[in-house]
Amino acid sequence: MKIIEDFCFRNWAANERCFPLKYFQPQTEQEIVSIVKEAAFQKKKIRVVGAGHSWSSLACTDGYMVNLDNYCRIIYINKEKRQIRVQAGIRLKRLNKVLDENGLALVNLGSISEQSLAGVTATGTHGTGIRFQILSTAIIGMRVVNADGEIIEIKEDNPLLDAYRLSLGVLGIITEITLQCTEAFSLREDSVPMLFETALEKLPQLLQENDHLKFWWFPHVRHLMVYRYNRAERRTGEEERERNIMLKWTEDVLLSRYFFAFLLRAGNVFPSWIPFINNFIGKIQLKKIKRVGKSNKIFNVPMPPKHRESEYAIPVERTAEALHALRGAIEKHRLKINFVVEVRFVKGDPIWLSPAYGRDSCYIGGYLYGDKRWASYLALFEKLMVQFDGKPHWGKEFTPALHDFEKMYERLGDFRKLKNEADSANLFGNELTGKIQQ
């Protein structure tokens, strides 16, 4: 087991950092047990971190930090039942590869697959598709090291599973996860640019007609991109051919990462240029796309430049109203927003702390490159989302003081009771989880 003392942790976006007393990278479950027992004996807080791709401070601690990158084996695969059991530190990109090699896939995915499985499920990461729930709902069992250093199994028939599926890391350290998968499938993408108003007018129809739907809108641009993905039979020869290495590097690295980042930096130096830059990017980005490919290839996009990010889930029926209000507020306050607004849709679920608990939801993401105008944009964005009954994504930036979490989550009292029973000393807590559970 690797142990580093006086470690400095920075998340992917570099907007959060902390200095844990010890940083652990265990390789066995017994090592995880020993870390928990030591933390309890030394009366130190303990938090688990995966890829560090959360924008919130959920992972931060001045106590013990545990990273599970070296705890990432496949336990078993049951092709007949379409299930897989893995160690919790496995990254999604490796999991997707293993599933595909065995004729399986996750039913839905988010935009990137760099994160750890434990991280995406503990924070409520989601994909898009109004008939599909957040990723945590694929969990049908898990193994957890609790605050006493005991190993417990949470099985599919356990009524507490919906608490553990999205736990913010406060119910213990998840060591193994069993996922219900589906047969590997292809997606047919047929994406088009539409006028902002037209897309919102057609939203009910678009949701009904497509398995997976999302919008990308660059503020100050009249059009938005409507991404439509639908299930397609896997036919020999129909899968999209792998782009040659040079073309792939040009599109995914040179254009998406470096050229886009160059334009973003230029806009930060000269904010008045941002509307022009956004329209220029729109001419490149907003184009018809038709292709068929493996589901994980279609769902995922190239890693974007580092940026700030907040996201809220609102009732799906308020989507158009909220987006019109957001566009109006940006114009009214003359904010120059240089990054995309991402709009995705999910089916309601029974998970206690899910932002989509009990209601079909639209997730609206407000993003910005750079820090200079972020505070003013975040304040405006959150104020609007609260007005539309929004619930923050736990892994993105949000202001806890804006929310009455007790009223927002009807099962929060039950979750708090379970957490206090499982961890009366608050071994697995930190400053942010304390504010949520007050």
Side-chain angles (χ1 to χ4, degrees), residues 1-73 86-94 112-123 125 144-149 151 167-177 303 305-309 371 394-398 400 423 425-437:
M1 174 169 58
K2 184 176 181 180
I3 304 174
I4 303 174
E5 296 189 1
D6 299 320
F7 180 79
C8 177
F9 165 76
R10 288 182 177 86
N11 64 347
W12 174 82
N15 67 297
E16 291 288 349
R17 69 173 183 169
C18 64
F19 298 90
L21 187 64
K22 290 185 180 182
Y23 179 85
F24 299 85
Q25 288 189 307
Q27 293 180 289
T28 69
E29 188 174 65
Q30 198 52 48
E31 287 178 343
I32 296 172
V33 169
S34 69
I35 295 168
V36 171
K37 288 184 176 179
E38 180 186 330
F41 179 76
Q42 297 291 343
K43 296 183 179 179
K44 302 296 182 183
K45 303 291 186 186
I46 182 169
R47 295 296 291 168
V48 178
V49 65
H53 209 275
S54 289
W55 282 260
S56 73
S57 59
L58 269 178
C60 289
T61 183
D62 58 2
Y64 290 179
M65 178 173 281
V66 178
N67 172 265
L68 300 180
D69 280 353
N70 295 331
Y71 189 76
C72 57
R73 290 192 304 109
V86 296
Q87 291 179 334
I90 192 169
R91 296 294 180 96
L92 283 185
K93 58 185 177 183
R94 180 170 171 237
I112 62 169
S113 292
E114 300 296 322
Q115 315 98 314
S116 70
L117 179 61
V120 297
T121 53
T123 56
T125 296
V144 182
V145 178
N146 68 15
D148 296 321
I151 299 168
S167 65
L168 307 181
V170 301
L171 297 180
I173 298 179
I174 298 169
T175 60
E176 295 180 12
I177 295 175
M303 282 289 287
K306 291 182 180 180
H307 59 279
R308 307 297 291 269
E309 187 163 324
D371 300 328
W394 299 116
K396 309 294 175 72
E397 294 184 65
F398 64 94
D423 180 18
N426 196 30
L427 181 70
F428 297 111
N430 70 357
E431 183 179 358
L432 179 57
T433 64
K435 292 177 180 177
I436 293 168
Q437 295 186 79

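Please read all numbers here as calculations on a predicted model, not as lab measurements. Position 1 is the first residue of the sequence; numbering continues from there.
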Grab the two heavy atoms, one from [X] and one from [Y], that are nearest each other, plus how far apart they are.
{"X": "T175", "Y": "V144", "value": "OG1-N, 4.3 Å"}
{"X": "D148", "Y": "K37", "value": "O-CE, 4.1 Å"}
{"X": "G89", "Y": "C72", "value": "C-CB, 3.9 Å"}
{"X": "N430", "Y": "L58", "value": "ND2-O, 3.0 Å"}
{"X": "M1", "Y": "S34", "value": "CE-OG, 4.4 Å"}
{"X": "M65", "Y": "C60", "value": "CE-CA, 4.5 Å"}

Should [X] and [Y] count as side-chain neighbours, where that means a heavy-atom distance under 4.5 Å?
{"X": "F9", "Y": "E16", "answer": "no"}
{"X": "L432", "Y": "F398", "answer": "yes"}
{"X": "T433", "Y": "R47", "answer": "yes"}
{"X": "F428", "Y": "L168", "answer": "no"}
{"X": "H53", "Y": "I112", "answer": "yes"}
{"X": "I173", "Y": "I46", "answer": "yes"}
{"X": "H307", "Y": "W55", "answer": "yes"}

Problem set entry | Y64: partners by side chain to side chain donor-acceptor pair (under 3.5 Å), with sequence neighbours left out | E38
To the closest 0.5 Å, what do you measure between [atom1] ([X]) and [atom2] ([Y])?
{"X": "N15", "Y": "E397", "atom1": "CG", "atom2": "CD", "answer": "4.5 Å"}
{"X": "F7", "Y": "R10", "atom1": "CZ", "atom2": "CZ", "answer": "9.5 Å"}
{"X": "K306", "Y": "N11", "atom1": "NZ", "atom2": "CG", "answer": "8.5 Å"}
{"X": "Y71", "Y": "T28", "atom1": "OH", "atom2": "OG1", "answer": "7.5 Å"}
{"X": "K2", "Y": "N70", "atom1": "NZ", "atom2": "CG", "answer": "8.0 Å"}
{"X": "Q87", "Y": "I174", "atom1": "CD", "atom2": "CD1", "answer": "13.5 Å"}

For this session: Inspect the surroundings of CD in E431 and state if more than 12 heavy atoms from other residues, nucleotides or ligands are less than 6.0 Å away.
Result: no
For this session: Check whether the side chains of N67 and Q25 place a donor and an acceptor atom closer than 3.5 Å, and report yes or no.
Result: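 Yes, Q25 and N67 have a side-chain donor paired with an acceptor closer than 3.5 Å.
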Exercise. Is a salt bridge present between D371 and R308, judged by a nitrogen-to-oxygen distance below 4.0 Å?
Worked result: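 Yes, this pair counts.
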Exercise. Any ion pair linking E114 and R91 (charged N to carboxylate O, less than 4.0 Å)?
Worked result: no
Exercise. Is the backbone of S56 close enough, under 3.5 Å, to the side chain of S54 for a donor and an acceptor to pair up by distance?
Worked result: no
Exercise. With I90, which of D69, L117, L68 fulfils side-chain contact (heavy atoms from CB on, under 4.5 Å)?
Worked result: L117
